[in-house]
Amino acid sequence: MTPDATHSTQAAPDPDGLRDVITGARCLLLGFDGPLCRLFPGQRARRVADGLIDRLKERGHQVPLTEDERTADGPQALLRAVALAGGPAGDLAEALERELAREELGAAATAWPTPYADPLIRTSVAVGLRLALTTDTSPQAVERYLAGRGLAGCFTPHVYGRTTDLSRLKPDPHCVDRALAALGAAPATAVMIGEAPADLLAARAAGVRFLGCARDDLRARRLRRAGAEVVVRGLGPVLALVRSGART
């Protein structure tokens, strides 16, 4: 049985610092792969990344990734590394991006929803938070997933996904800045929820508060090493605080 994000939740304890991050928020900027769902569950993310690496090797290129990057970030880390590499390897980035976009679009229908993500989204809308998605995933894949979960109306038109300009992948704050501008929001009124160090760095560059959401020890350690001050191991406590009105 795959995880379901429609769980009910009891009042949850407030992890150190979480209340301070949420208090005063008027906008919630969410990453996609991780905070909303597992786009490539199980070992699929690693397999997709390995397939892209094989394409590079066939063309005589290698992009060094740490084991943690391959395990935690998978194909996103690879695309980011290739785009930043420049030169002959960087010339392949657009082709790899198209291949990854096809994989993401196909995976959107079978992605595993993150527990509590769906009720957090609907509750946030109900209490007046404005939402946007800020992600390095293909926007077409994101929109397919949201439509399948009945969540598109909670975000439309505020889905800011990967563009053809791969230099704008996180940690560049491009997608975060786009969301803030479209929402007419000051950075101080927004909180970004993300799973990867690149999310943290993008939020920091945009002047937005950051909440790390890590589903396992590896991702939690990476966020803390990158400087994340508040990291939760699930969205249940966030949902409880939003429901209680603690954000005001």
Side-chain angles (χ1 to χ4, degrees), residues 5 18 21-37 39 73 76 79-80 83 97 101 104 108 111 113-114 117-118 120-147 149 151-213 223 226-230 232 235 238-239 241-242 247-248:
L18 175 57
V21 174
I22 296 297
T23 298
R26 293 293 176 265
C27 302
L28 193 59
L29 312 180
L30 292 156
F32 177 67
D33 195 2
L36 259 66
C37 69
L39 184 58
D73 294 337
Q76 295 287 349
L79 186 60
R80 185 177 300 116
E97 190 280 329
E104 290 169 336
T114 297
D118 288 22
L120 173 61
I121 291 166
R122 293 192 170 97
T123 300
S124 297
V125 172
V127 302
L129 276 169
R130 303 186 69 192
L131 303 183
L133 270 167
T134 51
T135 176
D136 284 340
T137 302
S138 159
Q140 290 78 19
V142 174
E143 288 163 0
R144 175 173 289 185
Y145 175 83
L146 293 176
R149 300 294 297 176
L151 296 171
C154 297
F155 291 96
T156 303
H158 300 298
V159 174
Y160 303 100
R162 190 171 66 236
T163 71
T164 55
D165 184 355
L166 299 181
S167 70
R168 295 296 198 171
L169 294 172
K170 298 171 188 171
D172 190 286
H174 180 62
C175 63
V176 183
D177 289 339
R178 289 171 65 207
L180 293 173
L183 292 169
T189 67
V191 174
M192 180 177 174
I193 299 180
E195 185 182 67
D199 297 320
L200 166 64
L201 296 175
R204 184 179 291 167
V208 169
R209 283 173 284 173
F210 180 78
L211 174 62
C213 182
L223 284 169
E229 296 180 0
V230 183
V232 295
L235 294 174
V238 184
L239 172 59
L241 285 174
V242 171
R247 68 179 185 84
T248 59

Residue pair Leu146 / Leu36, side-chain heavy-atom distance below 4.5 Å: yes

Glu229: partners by side-chain contact (heavy atoms from CB on, under 4.5 Å), with sequence neighbours left out: none

Residues forming a ring pair (Phe, Tyr, Trp, His ring centres under 6.0 Å) with Phe210, sequence neighbours excluded: none

CA sep, side-chain torsions, deciding dist, call: Ile121, Leu30, side-chain contact (heavy atoms from CB on, under 4.5 Å): CA-CA 10 Å; Ile121 291 166; Leu30 292 156; 4.2 Å; yes

All pairs passing side-chain hydrogen bond (donor to acceptor under 3.5 Å, both in side chains) where residues 173-193 contributes a residue, at least two apart: none

Contacts of type side-chain hydrogen bond (donor to acceptor under 3.5 Å, both in side chains), residue Thr163, not counting sequence neighbours: none

Stepwise side-chain contact (heavy atoms from CB on, under 4.5 Å) check, Cys213 with Leu235: CA-CA 7 Å; Cys213 182; Leu235 294 174; 3.7 Å; yes

Validation row: Pro35, Glu195 side chains within 4.5 angstrom (heavy atoms): yes

Where Leu201 and Pro171 come nearest, the two heavy atoms and their spacing: CB-CB, 3.5 Å

Straight-line distance of Met192 CE to Cys175 SG, nearest 0.5 Å: 6.0 Å

Nearest non-hydrogen partners of Leu200 and Ala228, listed with the distance: CD2-N, 3.5 Å

Separation between CG of Leu241 and CG of Leu18, rounded to the nearest 0.5 Å: 5.0 Å

side-chain contact (heavy atoms from CB on, under 4.5 Å) against Leu183, all qualifying residues, sequence neighbours excluded: Cys27, Leu29, Arg130, Ala132, His158, Ala185

Interatomic spacing from CG in Leu133 to OH in Tyr160 - rounded to 0.5 Å: 10.0 Å

Beyond-backbone contact of Glu143 with Thr156, side-chain heavy atoms, under 4.5 angstrom: no

Shortest non-hydrogen contact between Leu223 and Gly212, atoms and distance: CD1-CA, 3.9 Å

Nearest heavy-atom neighbours spanning Ala190 and Val208: O-CG1, 3.5 Å

Gap separating the CG atom of Leu28 from the CD1 atom of Ile193, nearest 0.5 angstrom: 4.5 Å

For Ala202, side-chain contact (heavy atoms from CB on, under 4.5 Å) partners two or more places apart: Lys170, Val176

Heavy-atom closest contact (Leu211 atom, Val232 atom, distance): CD1-CG1, 4.2 Å

Any side-chain heavy-atom pair of Pro187 and Leu180 under 4.5 Å: yes

Distance in Å, Leu131 CG paired with Arg122 CZ, rounded so as to fall on 0.5 Å steps: 11.5 Å

Exercise: identify the closest heavy-atom pair between Ala108 and Tyr145: O-CD1, 3.6 Å

Pairing residues for Ala147 by the side-chain contact (heavy atoms from CB on, under 4.5 Å) criterion, not counting sequence neighbours: none

Listed partners of Asp33 passing salt bridge (Lys or Arg N to Asp or Glu O under 4.0 Å), at least two apart: none

Residues that Glu97 engages under side-chain hydrogen bond (donor to acceptor under 3.5 Å, both in side chains), provided they are two or more places apart: Arg162

Sidechain-backbone polar pair: Thr114 side chain, Gly34 backbone, donor-acceptor under 3.5 Å: yes

Spatial distance of atom CD (Glu104) from atom OG1 (Thr137) [nearest 0.5 Å]: 5.0 Å

